[in-house]
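Values in this document were obtained by computation on a predicted structure and should not be read as measured data. Numbering starts at 1 and runs along the sequence shown.
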Amino acid sequence: MTKASDTGISRRTILKTSATAALLGAVKTAFPSGAFAQGAGPETTKAVLGFIALTDSAPLIIAKEKGLFAKYGMPDVEVVKQASWGTTRDNLVLGSAGSGIDGAHILTPMPYLISTGKVTQNNQPLPMVILSRLNLDAQAISVGSAYADLKVGLDSGALKEAFAKKKAAGVPAKVAMTFPGGTHDLWIRYWLAAGGIDPDKDVETIVVPPPQMVANMKVGTMDCFCVGEPWNEQLVNQGIGYTAVNTAEIWNKHPEKSFAMRADWVEKNPRATKALLMAVLEAAQWCDDMKNKDELAEIVGKRSWFNVPPKDITDRIKGKYNYGNGKLVENSPHFMKFWRDHASYPYQSHDAWFLTEDIRWGKFEPTLDIKALVSKVNREDLWRDAAKALGVTDIPASTSRGKETFFDGKVFDPENPAAYLKSLSISRMA
C-alpha cells in the first residue's frame, strides 16, 4: 500500500470520505501543488479520460470518486463515458482540444492498432502509450439459452455440430465481440479455434458495444459473445443465457484492459502523467481490497457510471460465480484482480502476446517487429517511477513474465512468437 501522508489528512480519510466536495477542499488546502513539491506540480490540473461501462474501468472511476486525482494535484480530471470502443478510438484521435479525450480505459491491443493506423480513418497513425494495466482476468464467454442442453464449457467443440447445421441452413451462428483485434475478439477466437471452429469461416463475427450485449442476446441477435463484467453476470441474472467460460480458465492471470494516453499529451505533461498514474495505482489498490467490494459495486453501479444494479456486479468481483447452467463456484480464483499478482504492472511480454495473436488473425503483417513496437508504446518505466513515488516496494524485476501456458497446452514464449504461431492450427496468416 502507499505511504500515509504527513499532512494531517490520513490516507483512510482520503480513501473513505464520500463527501467529495469537502474532500477536494481539504486536499487543495493540504496539497497546494498536489503531492509534488511547491513549484514542481503537474503542468496541468486537467485531463479528459474515457471509460466504457465495464467493471475493469473501476480504477479510473474510484480515482475520481475518492478524490485521488485531486490528491496528486489534478482536481479537474474528467472521466467520461464512451458509447463503444470505436467511439473511444475516435475521441482519442480528436483529443481534448477537439472535444475528445486525452486517454482512456482501453482494450490492451487498441493503443497498438491506433499507433500504427490500423484502425484509424485514412490509416493515419496516432502515437499512443500504455501507462498501466487496469486488471487481470474475469472476462467471460457467454452462450444463449438455446444451447443450454449442450452444457458448453471450456471446450467450444460442443458447439461445432450445432454451428455447422446453422451454416448449412444459410443462417450462420453469430458470435459477438467488442472491437476487431481487441481482447474480447482474441479470447473468443482462441476459444473457438481450440475447439475446431474457425471464427472467420464457420461463424459470423459481429461487433457489439459491451453495454448492449445483454439486450442483443435477449432479442436473438447473437448466439454467443465475449465481454467483460458486469454484462455476463447480468445475462445470468436475467435468465437469458449462461457463462461457458471465464477467460482466466483459458489463460490464468491474463492481462486485460490498460490505461493509455495520447503520446503527445504524455510528452507535453510528464509530471501530470505521473500524477495520473499515482492516482490510478492507489485506486487499483483500493479496488483490490476485499473489504471495499460492496462499496465498489455501489459506486460503479450508479446511474452516472454504469447504471446497473449492484447485484449484477458484487458476486463476481468477490469470486462467487454462478455460471447460470448449474455450475456454482463459491471461491473462484479467477475473480478480477486490480493490484495483486502485479495486476497493474504493464508487462511487455503480455503486449507481445496480443500483437502475436493479431498477426495470427491478419490485423498485423507477419513481418511486424513486435519488440520494437512494444518498446515504443509500452511505458512501463513511467509505471515504475510512479510506483516508487507511492512507496510501492513489490515491483517486478523484469518486463517479461516469461513463457505463458494456455488451457489447450499451447505455450507462448515472448522470445520466440514465431514458434507459437506455427503451433496453431487455425489462423489467417498470409
Point-to-point distance, once rounded to the nearest 0.5 Å, from CG of L296 to CE of M290: 10.5 Å
Please work out whether the ring planes of H350 and Y347 are parallel, tilted or perpendicular, with thresholds of 30° and 60°. perpendicular
To the nearest 0.5 Å, what is the distance between CG (L107) and OG1 (T183)? 4.0 Å
If you measure from the Lys or Arg side-chain nitrogens to the Asp or Glu carboxylate oxygens, is any gap between K291 and D289 under 4.0 Å? yes
What verdict does the side chain to side chain contact (heavy atoms under 4.5 Å, CB included) test give for Y242 and V152, after you've listed the backbone C-alpha separation in whole Å, the side-chain angles of each residue and the deciding distance to 0.1 Å? CA-CA 9 Å; Y242 62 97; V152 185; 3.4 Å; yes
Going by ring-ring contact (aromatic ring centres under 6.0 Å, His included), name the pairs with one or both residues in residues 152-184, residues two or more places apart or in two chains. Y147-F163
Please work out whether the ring planes of F354 and W187 are parallel, tilted or perpendicular, with thresholds of 30° and 60°. perpendicular
Are L49 and M261 packed together at the side-chain level, in the sense that at least one heavy-atom pair is separated by less than 4.5 angstrom? yes
Tell me every residue that passes side-chain contact (heavy atoms from CB on, under 4.5 Å) with S115, counting only those two or more places apart in sequence or in another chain. M128, V377
Find the distance between CG (L134) and CZ (F51) and round it off to the nearest 0.5 Å. 13.0 Å
Looking at E404 and K410, is any side-chain nitrogen of the basic one under 4.0 Å from a carboxylate oxygen of the acidic one? no
Is any side-chain heavy atom of S344 closer than 4.5 Å to one of F259? no
Between R189 and the options D198, D200, D358, the salt bridge (charged side-chain N to carboxylate O under 4.0 Å, His left out) test singles out D200
Side-chain heavy-atom pair L276, W265 within 4.5 angstrom cut-off: yes
When F406 is tested against each of Y190, F412, W191 for ring-ring contact (aromatic ring centres under 6.0 Å, His included), which residue passes? Y190
Do the charged groups of E282 and K71 touch, with an N to O distance under 4.0 Å? yes
